[in-house]
Each structure stands twice: as structure tokens, then as C-alpha cells.
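Order of appearance sets the numbers: ligands from 1, and atoms from 1 within every ligand. Here the structure is a predicted model, which means the values were calculated and not measured.
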Amino acid sequence: MELDLTGKVAVVTGAAHRVGRAIALELAGRGMNVLVHYNSTAPEETVRDIRALGVAAEAQQADVSTAQGVEAVFGAVMRHFGRLDVLVNSASVFPAGRLDETSLETWQNALDVNLTGPMLCTQAGASLMRQNEGEGGCIVNICDVGVSRPWAARAAHGVSKSALWMLTQTAAVTYAPEIRVNAVMPGPVLAPPGMSEARWAQIGQDLTLLGRAGAAEDVARAVGYLVREDFITGALLPVNGGEHLKW
Ligand SMILES: NC(=O)c1ccc[n+]([C@@H]2O[C@H](COP(=O)([O-])OP(=O)(O)OC[C@H]3O[C@@H](n4cnc5c(N)ncnc54)[C@H](OP(=O)(O)O)[C@@H]3O)[C@@H](O)[C@H]2O)c1
């Protein structure tokens with residue numbers, strides 16, 4: 001069954017800009033009120049653009065790799081909206097470096113932000129969704145190609161995202177049947193800041209079967225699909241032009 005999201009409430013982490021912002025706007029466009037989580041990027045423009053769609057939006061700053069930060073996010077959603085239906089874990093770090101050159105600090109930060117943060121948010125969010133009297137909720141984790149194969153050049157990142165996929169499956173088993181938990185595996189959808197258009201086009205061509213980069217909105221629509229479709233849990237949806245099959 002396709003769920004009607006009108007009037008429901010979402011938390012999107014890392015939603016002030018880039019892919020997280022596109023996800024927040026997608027859910028808002030489907031009638032959801034949104035708590036825009038941010039860490040260091042000003043969220044005002046995203047909040048304004050969401051409100052322009054006719055739904056409510058509020059912002060909350062937090063470091064989601066800490067228990068206090070996660071408490072702040074879920075305290076804010078209850079204070080502003082009084083319920084939670086959807087959580088999207090998009091906040092992430094993207095450290096470069098092979099395993100043999102990765103410092104303990106880099107390793108721990110990747111696991112803290114990319115894995116422990118979503119774990120803490122899942123625990124906090126799911127306990128609120130369980131209060132939704134028979135309606136439950138939905139969690140979507142944003143992984144990447146590190147799920148499907150070793151990523152030698154970004155060892156800490158790849159391992160953290162691979163573990164995020166296992167967290168997704170573990171949470172799907174733990175919280176069924178009230179709460180569905182799924183993941184998206186984006187490919188190249190938005191260039192890192194400062195990268196030239198030509199270089200980005202080349203990456204899209206080299207990495208994907210389709211020979212081109214995607215867009216943040218491709219990921220956002222996939223998240224919207226997983227949130228709406230009520231018979232899908234424990235799924236990993238590649239939105240990557242076939243990158244996971246191109247070695
Ligand atoms: N861009 C792509 O092509 C691509 C490809 C594959 C997968 N993905 C995945 O898609 C998601 C979004 O990608 P993106 O390119 O938009 O990422 P991004 O530009 O690196 O943004 C990451 C977000 O994470 C937040 N963040 C980082 N550390 C944090 C912390 N300690 N606490 C709370 N928030 C923190 C940042 O918040 P502030 O800016 O507010 O500090 C930022 O909004 C990520 O999970 C990424 O791995 C992206």
C-alpha cells in the first residue's frame with residue numbers, strides 16, 4: 001500500500017544543504033513537516049524553502065555522533081511537532097585514505113559519525129515511533145558503494161558505510177513489524193565542493209554503467225519511495241547508475 005504522508009513528521013540529519021536538503025524537500029513536498037538537523041551549515045534557507053511548500057519546518061543543531069547531540073535532535077522534534085514518523089540518517093563524513101595510512105582519529109570519527117550516530121538516532125527515533133499507536137514509522141539510512149565492495153582509497157568511510165547497511169538490517173529485524181528500516185546506496189550524485197564540472201563528469205562516466213553522474217534529487221525520490229511503500233523493509237536500493245556492478 002502507498003502511504004499518505006500528509007501531516008506526518010520527519011527528521012532528516014545533515015539536511016541544511018546538498019543531498020540531505022534534497023531529501024528534506026522531497027518529504028516536505030509530500031506533505032511532511034520536517035525537523036532539519038544541521039551541524040555547522042546554516043539551515044535557514046532550507047527551512048524557508050520547506051515552509052514555502054506549505055508545511056512546517058524547524059531546525060536543530062547537533063553533533064549526531066554524541067548522545068547529547070542525539071537527545072537534542074529528538075527532544076526538538078517532540079517539542080515542535082509532538083510525534084515522529086520518519087527518520088533519515090544522511091549526515092556523514094567522507095574521509096579519504098587507504099587503510100595503511102588511516103589514523104586512529106580518522107577511523108574513529110568515521111565510525112562515530114557514519115555508524116554510531118545513525119545507531120543512536122535509530123534507538124531514539126524508534127522509541128518515539130513506537131508511541132504512534134499502530135502507525136509505527138520508517139527509517140532510511142544513506143549508505144554508498146562501500147556497501148558492495150572494499151573501497152581501498154576511502155577505507156574508514158567504506159567500512160563505516162558497509163556497517164551502516166548491517167545496522168539497517170539489524171534494525172529492520174529488531175523493530176519489525178511496527179517500524180520499517182531500509183537503506184539507499186547512492187552513487188556519484190553531487191560533486192564534492194570545489195570539484196570542476198569536467199572532473200565530475202569524468203567520474204560519472206568512469207564509475208557508472210550509465211556513464212554519467214546522477215543528482216541529489218534521484219536519491220531524494222528513492223527515499224520518498226521507501227518511506228511511502230509499506231511492504232518494504234530491510235531493503236538496499238542502489239541509486240547509482242549501476243556503480244555497484246562496475247569494478
Ligand atoms: N554526494 C554524493 O555523490 C554521494 C555519493 C554516495 C553517497 N552519498 C551519501 O549521501 C549522504 C549525503 O551526501 P552529501 O554529499 O550531501 O554529504 P556532505 O556534503 O558531506 O554532507 C554531510 C552532512 O553531514 C553533516 N555532518 C557531518 N558531520 C556531522 C556530525 N558530527 N554531526 C552532525 N552532522 C554532521 C554535515 O552537516 P553540516 O554541513 O551542517 O556541518 C552535512 O550536512 C551522505 O551519507 C553520503 O555518504 C553521497
Side-chain angles (χ1 to χ4, degrees), residues 11-26 35-47 59-74 76 87-96 105-106 108-121 139-149 151 153-154 156-165 167-168 183-195 199-201 203-204 206-208 212-223 236-244:
V11 167
V12 182
T13 69
H17 63 154
R18 295 176 52 85
V19 176
R21 169 186 152 90
I23 294 168
L25 284 166
E26 167 71 21
L35 187 90
V36 174
H37 158 266
Y38 67 102
N39 189 29
S40 59
T41 300
E44 286 79 10
E45 190 180 332
T46 297
V47 168
Q60 177 63 46
Q61 191 282 331
D63 178 346
V64 290
S65 68
T66 68
Q68 300 92 306
V70 170
E71 263 176 46
V73 171
F74 293 90
L87 163 65
V88 182
N89 287 308
S90 182
S92 179
V93 289
F94 189 44
E105 189 186 2
T106 299
Q108 282 182 331
N109 189 49
L111 291 175
D112 285 351
V113 178
N114 297 359
L115 181 63
T116 305
M119 187 278 289
L120 293 171
C121 288
I139 298 172
V140 182
N141 293 323
I142 310 302
C143 296
D144 70 24
V145 77
V147 166
S148 65
R149 62 172 187 255
W151 194 344
R154 292 190 183 264
H157 180 76
V159 171
S160 70
K161 290 292 191 174
S162 178
L164 180 59
W165 167 225
L167 173 68
T168 305
V184 175
M185 174 170 42
V189 293
L190 198 53
M195 184 177 283
R199 172 82 184 117
W200 184 242
I203 285 174
D206 291 347
L207 294 188
T208 71
R212 59 184 165 82
E217 290 71 21
D218 294 324
V219 174
R221 283 192 300 275
V223 171
L236 175 67
L237 181 51
V239 182
N240 61 10
E243 182 188 22
H244 59 299

Rounded to the nearest 0.5 Å, how far apart are OG1 of Thr46 and CZ of Arg18?
->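 Thr46 OG1 to Arg18 CZ: 12.5 Å, rounded to 0.5 Å.
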Roughly how far, to the nearest 0.5 Å, is the CD atom of Gln60 from the CZ atom of Phe74?
->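 If we round to the nearest 0.5 Å, Phe74:CZ and Gln60:CD are 11.0 Å apart.
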What is the nearest protein non-hydrogen atom to [atom], stated with its residue, atom name and distance?
| atom | result |
| --- | --- |
| atom 34 (N) of ligand 1 | His37 CE1, 3.3 Å |
| atom 20 (O) of ligand 1 | Ser92 O, 4.0 Å |
| atom 32 (N) of ligand 1 | Val64 N, 3.0 Å |
| atom 8 (N) of ligand 1 | Pro186 CG, 4.0 Å |
| atom 19 (O) of ligand 1 | Arg18 NE, 2.4 Å |
| atom 31 (N) of ligand 1 | Asp63 OD1, 3.0 Å |
| atom 3 (O) of ligand 1 | Val189 N, 2.8 Å |

Run down the list [options] and name the one with the heavy atom closest to [atom].
| atom | options | result |
| --- | --- | --- |
| atom 9 (C) of ligand 1 | Asn141, Ile142, Thr41 | Ile142 |
| atom 26 (N) of ligand 1 | Ala91, Gly20, Gly214, Ser90 | Ala91 |
| atom 45 (O) of ligand 1 | His17, Arg21, Lys161 | Lys161 |
| atom 1 (N) of ligand 1 | Leu190, Asp218, Asn39, Thr66 | Leu190 |
| atom 41 (O) of ligand 1 | Ser65, Ser40, Pro188 | Ser40 |

Ignoring hydrogens, what is the shortest heavy-atom contact between [X] and [Y]? Give both atom names and the distance.
| X | Y | value |
| --- | --- | --- |
| His17 | Thr41 | NE2-OG1, 3.5 Å |
| Ala183 | Trp165 | CB-CE3, 4.0 Å |
| Val47 | Ala59 | CG2-CB, 3.9 Å |

Looking only at distances, please establish whether an N/O atom of ligand 1 is found under 3.5 Å from an N/O atom of [X].
| X | result |
| --- | --- |
| Ala16 | no |
| Val93 | no |
| Ala15 | no |

Answer side chain, backbone, both or neither: which part of [X] comes under 4.0 Å from ligand 1, heavy atoms only.
| X | value |
| --- | --- |
| Ala191 | neither |
| Val113 | side chain |
| Pro192 | neither |

Between the side chain of [X] and the main-chain N/O of [Y], is any donor-acceptor distance below 3.5 Å?
| X | Y | value |
| --- | --- | --- |
| Thr13 | Ala91 | yes |
| Ser162 | Gly158 | no |
| Asp112 | Gly117 | no |
| His37 | Ala62 | yes |
| His157 | Val93 | yes |

Given Ser160, which of Asp144, Asn114, Asn109 fulfils the side chain to side chain donor-acceptor pair (under 3.5 Å) condition?
->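 Of the listed options, the one satisfying the test is Asn114.
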In terms of atom number and element, which parts of ligand 1 are under 4.0 angstrom from non-hydrogen atoms of [X]?
| X | value |
| --- | --- |
| Ala62 | 32 (N), 33 (C) |
| Gly14 | 43 (O) |
| Asp144 | 6 (C), 7 (C) |
| Tyr38 | 40 (O) |

Atom 48 (C) of ligand 1 protein-contacted, heavy-atom criterion under 4.0 angstrom |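 So far as the 4.0 Å threshold goes, atom 48 (C) of ligand 1 is out of reach of every protein heavy atom.
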Could you tell me whether atom 36 (C) of ligand 1 has at least one protein heavy atom nearer than 4.0 Å?
->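 No.
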Please tell me if the side chains of Glu217 and Glu26 come closer than 4.5 Å, counting only heavy atoms from C-beta onward.
->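 Not touching, per the 4.5 Å side-chain cut-off.
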Does Arg149 CZ have over 12 foreign heavy atoms under 6.0 Å away?
->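 Yes, CZ of Arg149 has more than 12 neighbouring heavy atoms, counting only those of other groups under 6.0 Å.
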Does even one non-hydrogen atom of [X] get within less than 4.0 Å of ligand 1?
| X | answer |
| --- | --- |
| Ala216 | no |
| Gly187 | yes |
| Gln61 | no |

